[in-house]
Protein chains: 2
Amino acid sequence: MSRKNSLFQKLVNQLLEDIDKKYQVGDILPSDVALAELFGVSRTTVRKAIEYLEEQEVVLKSDSGKVLLSMPKKEHFFDVSKLSKPKEKIVEEYFLGLIQSGALKSGDKFSELELARQSESSTVVVREFLIRFSRFGLIEKNPRSQWQMKKFDENFIDQLHELRYLFEMNSLSHFMSLPDSSDYWGQLNELFIDHKNLMPRMHDDYESFPKLDERFHFLLQEARPNPFISEFYTVISFIYHYHYQWERNKERERNTVAVKEHIDIMACMLMKDYQGATIALAKHLDTAKNMLKNTALL
Amino acid sequence: MSRKNSLFQKLVNQLLEDIDKKYQVGDILPSDVALAELFGVSRTTVRKAIEYLEEQEVVLKSDSGKVLLSMPKKEHFFDVSKLSKPKEKIVEEYFLGLIQSGALKSGDKFSELELARQSESSTVVVREFLIRFSRFGLIEKNPRSQWQMKKFDENFIDQLHELRYLFEMNSLSHFMSLPDSSDYWGQLNELFIDHKNLMPRMHDDYESFPKLDERFHFLLQEARPNPFISEFYTVISFIYHYHYQWERNKERERNTVAVKEHIDIMACMLMKDYQGATIALAKHLDTAKNMLKNTALL
DNA sequence: GTAGGGTTTTTAATATATAAAAAACAACAT
DNA sequence: ATGTTGTTTTTTATATATTAAAAACCCTAC
């Protein structure tokens, strides 16, 4: 099989919707190039779609341009709902599922072919996904042999933590040197208040913490974005999510501690107490590391 | 075409050599498994090789095992010299060549198919290489469109430098906290002496500096290895090498400065002057950054 | 019951084929 | 000269096929 013409089908639908919204019978549609630009596809695809609309007698090409013959009807739309997602996505979901469900554990080997069969795609797609995913350092492979889940041991966690520590401290230092006039201070303050508000409700509402967590660590980075660092964060959060899913029961406890620690850090930051913030952040990261160790290492 | 049987051919040669060295006519060769182990291949491959040796009447299988019939002769060996390297290697060399030669410049687009044709391999191999290479952040690609060389601008260099700074400072700090008894201090001292020796010869022998450079930065890291960080170094050195090739003329000047800076850093380190080392290292990294900017940005 | 060899099944490396989509080219008309 | 459309070529996404190599399975003899 080759690729599916999903782009084409989606475009037709978008086009029909757009027509329905903006034009009336007799109007002239924009040029190919304009449409291609508008929908972010190539002109080739636009032309295919228009051609289809001609067949459906919605559009007629005349000397003056593409004339709208009749308004779109339901039957002109494609049923795009069960168009499969891009294969890459499917494989990704399937594979991450395997990890998350614990079917693939630290040290396990697995085969491309098997994955391809189970995710109903081809070995090429699988392999390309795995190569891409391997940058996260969770899987690896030697020539002529199978892929293998990296051993997730204490050493690995320490190395991960070392980087995280470096990066977050770096972000903190840059944040602290922002001028008072910077908008980020305002955002930090808001976040601080949100934390304060959540705290007393923590016992029942502990599940809304992760959002705050993300906002916090993201805000720190955002002030001085660096794509190398951001990418690393994807790994971090993936790993944490992966490992914490097991121990849902301890989640409330974990989050409660974390909220407090966040508050400590932000309090220092807002008071421009760089040293205090450093200490608080170090403590927070350390707690995180130890919790991860307790959870992930049996 | 499918893959070449180069592993098999290489194994036969290794086997013949091994036989020539260790055995005499009438001896019994080790078991399949032992041989597979010894040469790091699967038993399947060993058996194929032995089978071949039987055809060549070098080995005879009898009840007691694989008996050596006659000593290997020249004609039993395969001419392994022009077995093509793994395709991946070929593509890599070709592609890096394009970059190094300046045929691909910052911002350029290029196609997989074209690369495949020119490097005489298939699109699959090319694409897999590119995906792997893309982790270095020098190329990128959007779905359904071509690969593109990332824009190599001031911003990119700054971000690179930011990480480098973090990592090297981190390494330094760990190095400085090594106990006096650690072997690394000895190595550092040696390296220091080598630098001192090179210095007066710099004018003529400036080309031998890169080795020292590598040793220096590697030594710093080695004391506390972290695969995430090591990988990043591959990028760094690639980028530097790539950009410096143009300006060979200024190389002597650059290296002379760098030698001195290295010496400053190491002198401080050996005197356990952490702060001094920090300052010297910061200066060194800064020089490197600026030189890179001067060279790489027109 | 385990070490060795023989046999069969799977898998990885690599090539090639095909449809969809993009890009390049060409021809006009204004 | 520039913007529009029609046509052709190239490229990507994806599947499948083929062979080398690995892994799994089975048998036999000590």
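Naming: A, B, ... by sequence-line order, numbering from 1 per chain.
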Q: Let me know, please, whether Ser111(B) or Phe8(B) comes out on the 5' side of the other along DNA chain D by nearest nucleotide.
A: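 Residue closer to the 5' terminus by nearest nucleotide: Ser111(B).
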
Q: Rounded to whole angstroms, how far apart are CD on Gln148(A) and C1' on dA22(D)?
A: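 After rounding, the reported distance stands at 15 Å.
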
Q: Under 4.0 Å, counting only non-hydrogen atoms across every strand here, what does Ser122(B) touch: a base, just sugar-phosphate, or nothing?
A: base

Q: Please pick, from dT11(C), dA22(C), dA15(D), the nucleotide with the shortest atom-to-atom distance to any side-chain atom of Glu114(A).
A: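 My answer, after comparing the listed nucleotides, is dT11(C).
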
Q: Within this structure, what is the CD1-to-C1' distance between Ile131(A) and dA12(C), rounded to whole angstrom?
A: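 One finds 12 Å between C1' of dA12(C) and CD1 of Ile131(A), rounded.
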
Q: Between dT4(D), dT14(C), dA19(C), which one does the side chain of Arg3(A) approach most closely?
A: dA19(C)

Q: Could Lys48(A) and Glu51(A) be called an ion pair, given the rule that one side-chain N must be under 4.0 Å from one carboxylate O?
A: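 No.
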
Q: Which nucleotide, dA15(C), dA21(D), dG5(C), lies nearest any side-chain atom of Lys66(B)?
A: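 Shortest atom-to-atom distance from the side chain points to dG5(C).
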
Q: Is a side-chain donor-acceptor pair under 3.5 Å present for Asp18(A) with Gln14(A)?
A: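 No, because no side-chain N or O of Gln14(A) sits under 3.5 Å from a partner of the opposite role on Asp18(A).
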
Q: For Leu7(B) and for Arg127(B), locate the closest nucleotide of DNA chain D by heavy-atom distance; then report the residue assigned to the nucleotide nearer the 5' terminus.
A: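 Per heavy-atom nearest nucleotide, the more 5' residue is Arg127(B).
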
Q: Are Ser145(A) and dA22(D) close enough that a side-chain N or O sits under 4.0 Å from OP1 or OP2?
A: no

Q: Where the side chain of Val124(B) is concerned, which of dA23(C), dT16(C), dA12(C) is the nearest nucleotide?
A: dT16(C)

Q: In terms of side-chain heavy atoms of Arg43(A), which of dA21(D), dT7(D), dA15(C) is nearest?
A: dT7(D)

Q: Calculate the interatomic distance between Lys141(B) atom NZ and dT11(D) atom C1'; express it in whole Å.
A: 10 Å

Q: Please confirm whether the shortest side-chain N or O distance from Arg144(A) to OP1 or OP2 of dA12(C) is below 4.0 Å.
A: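 Checking Arg144(A) against dA12(C): no side-chain N or O falls below 4.0 Å of OP1 or OP2.
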
Q: Can you tell which of dA13(D), dT5(D), dT14(C) lies closest to the side chain of Pro86(B)?
A: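 The closest nucleotide is dT14(C).
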
Q: How many Å lie between NZ on Lys48(A) and P on dT7(D), as a whole number?
A: 14 Å

Q: What's the CG-P distance between Leu115(A) and dT11(C), to the nearest Å?
A: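 Spelled out: CG on Leu115(A) to P on dT11(C) is 11 Å.
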
Q: Hey, does the side-chain of Thr44(B) have a donor or acceptor N/O within less than 3.5 Å of a partner on the base of dA22(D)?
A: yes

Q: Could you state the CZ-P distance from Phe129(B) to dT14(C), rounded to the nearest angstrom?
A: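 In whole Å, dT14(C) P and Phe129(B) CZ are 14 Å from each other.
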
Q: In whole angstrom, give the distance that lies between atom CG of Asp63(B) and atom P of dA3(C).
A: 21 Å

Q: Want to settle it: does Glu128(B) or Ser31(B) sit nearer the 5' end of DNA chain C, counting the closest nucleotide to each?
A: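 Residue closer to the 5' terminus by nearest nucleotide: Ser31(B).
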
Q: Using the closest heavy atom to pick a nucleotide of DNA chain C for each, name whichever of Glu112(A) or Val41(A) lands nearer the 5' end.
A: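 Residue closer to the 5' terminus by nearest nucleotide: Glu112(A).
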
Q: Just the rounded figure in Å: distance from P of dT18(C) to CG of Leu113(B).
A: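 These atoms are roughly 15 Å apart.
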
Q: Where the side chain of Thr45(B) is concerned, which of dA21(D), dA22(C), dA13(D) is the nearest nucleotide?
A: dA21(D)

Q: Under 3.5 Å, side chain of Asp27(B) to main-chain N/O of Leu68(B), donor-acceptor pair present?
A: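 Between the backbone of Leu68(B) and the side chain of Asp27(B) there is no qualifying donor-acceptor contact (under 3.5 Å).
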
Q: Are any non-hydrogen side-chain atoms of Phe228(B) and Leu160(A) less than 4.5 angstrom apart?
A: yes

Q: Which of these nucleotides, dA13(D), dA23(D), dT11(D), is closest to any side-chain atom of Gln146(B)?
A: dT11(D)

Q: Using a strict 4.0 Å threshold on nitrogen-to-oxygen distance, state whether Lys211(B) and Glu214(B) make a salt bridge.
A: no

Q: Give me the ring orientation class for Phe133(B) and Phe129(B): parallel if the planes are under 30° apart, tilted from 30 to 60°, perpendicular past 60°.
A: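 Parallel, since the angle between the ring planes stays under 30°.
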
